[in-house]
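Comments concern the structure below.
These numbers come from a predicted model, not from an experiment.
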Amino acid sequence: MDVNDADDEEFGFSRNYFLAKELGGSAVKSHSKLSDINIVDEQELREALSNIEPKHEKEIEDLLSSYKSLYPRWAFDLRCGLGLLMYGFGSKKTLLEDFASTSLTEYSAFVINGYLPTINIKQVLTSLAEVLWDQLKTRRRTPSKSSSKDQQPYSSRSVEDLLAFLDASEDRTSEFLVCVIIHNIDGPGLRDSETQQYLARVASCPNIRIVASIDHVNAPLLWDKKMVHTQFNWCWYHVPTFAPYKIEGTFFPLILAHGNTTQTAKNAVIVLQSLTPNAQGVFKILAEYQISHSEEEGMPVDNLFATCRERFLVGSRPMLNSHLTEFKDHELVKTRRHSDGQDCLYIPLTSEALEKLLVEMTQ
């Protein structure tokens, strides 16, 4: 190409650029606003989404089944002190829970739903400390010197005290492990630097192993070299499932819908279906009490514990607290103070909505 031709081409490009800017500035601008769009109600939109017929269900089921051959290897990695990090397109919630329920039965499993925007790291550490303390009590035949120092309640302890308890190695052996399943460790409620530092310190505790999933493309940027190789000690596994994010997506507002802060019965059913039968039973007791005592402020925690223990749904107070923490994380249950000073639990739904919810739970 001739030098003069190149100069003419560059000049033509520059001239066209400025002409376009000039014409763009003189063009008639639209007065339409985003707020003028007629946005559909969120509940209607979610119902429409739920009616979309799923595709490739057989292929997705076969893919999930193929990962079961990796379960022994994953369990071996955990016994060797490694953490498991699952990545790939699709929800990995079902995969992780199936792995925990089939291959980690000899250990205690503790689930953290990182996709919840309102998750609280202090509550997570408190519940984890209670689970570990229960394990220690069942394995200690005689009281140890540190027993008085490790007594409950943990809710009044600081985060640093909780981490110190979890990290303590005195009088402990590697006989037992608590496996922490974290769905979406890169979720909005866990994404800040401080929370990730706390989780990394939890992962380095002697009796704790982490099994986590990530979905954000920039999730590895949450950690530095020390966290990846020394604390979390990740062993990465690419496990795309192509499964829809049904549960995870429930807690995010839809762009094309009106925001709705009220917990609907439809969303509650979706969440409850993902919980254990015992957790569903605890929720059912609370719902039935609220329907029959609609004039009261809620069900006292002591009454709930007594009823659940009679029906063999929980064996200890920490076990009930773990269910209640999960309910509160999902905003299914809230607490308020009774006039006599007791803490009462209530479900933020009308009696009519609760009755529909109980019917859907039994179907």
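Across all their heavy atoms, V131 and F110 have their closest contact at CG2-CD1, 3.9 Å. The two atoms that bring L82 and C235 nearest to each other are CD1-CB, 4.3 Å, heavy atoms only. Among all heavy-atom pairs drawn from L313 and G281, the shortest one is CD1-C, 3.6 Å. For the residue pair V211 and M86, the shortest heavy atom distance occurs at CG1-CE, 4.5 Å. Pairing each heavy atom of I210 with each of A203, the nearest pair is CG1-CB, 3.5 Å. Residues G81 and N233 come closest through the heavy atom pair O-ND2, 3.4 Å.
Among residue pairs with one or both ends in residues 191-200, none qualify as salt bridge (Lys or Arg N to Asp or Glu O under 4.0 Å); sequence neighbours excluded. A salt bridge (Lys or Arg N to Asp or Glu O under 4.0 Å) check over residues 200-219, counting only residues at least two apart or in different chains, returns the pairs K92-D215, E160-R201. Among residue pairs with one or both ends in residues 233-252, none qualify as salt bridge (Lys or Arg N to Asp or Glu O under 4.0 Å); sequence neighbours excluded. For residues 272-283, there are no salt bridge (Lys or Arg N to Asp or Glu O under 4.0 Å) pairs, not counting sequence neighbours.
Panel note: side chain K328, backbone I119; no donor-acceptor pair is recorded below 3.5 Å.
By the 30° and 60° cut-offs, the orientation of the rings of W236 relative to Y87 is perpendicular.
Take E355 and apply the salt bridge (Lys or Arg N to Asp or Glu O under 4.0 Å) test, not counting sequence neighbours, and it matches no residue. Residues satisfying the ring-ring contact (aromatic ring centres under 6.0 Å, His included) criterion with H56, sequence neighbours excluded, are absent altogether.
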Checking ring pair (Phe, Tyr, Trp, His ring centres under 6.0 Å) for the pair F327/F283: CA distance, chi angles, key distance, verdict? CA-CA 8 Å; F327 294 155; F283 184 87; 5.6 Å; yes

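Ion pair E360/K356 not flagged as a salt bridge, since none of the NZ, NE, NH1 or NH2 atoms sits closer than 4.0 Å to an Asp/Glu carboxylate oxygen.
For the pair L166/N207, no side-chain contact is recorded, criterion being any heavy-atom separation below 4.5 Å from C-beta on.
Remark: the S158 side chain and the D161 side chain contain an N/O donor-acceptor pair separated by less than 3.5 Å.
Grouping the Ile, Leu, Val, Met, Phe, Trp and Tyr side chains by contacts below 4.5 angstrom, directly or via other members, places L96 apart from F76.
Paired with F99 under the rule ring-ring contact (aromatic ring centres under 6.0 Å, His included), one option of Y67, W74, Y107 passes, and it is W74.
Atom-to-atom distance recorded for D98:CG and L104:CG is 10.5 Å, nearest 0.5 angstrom.
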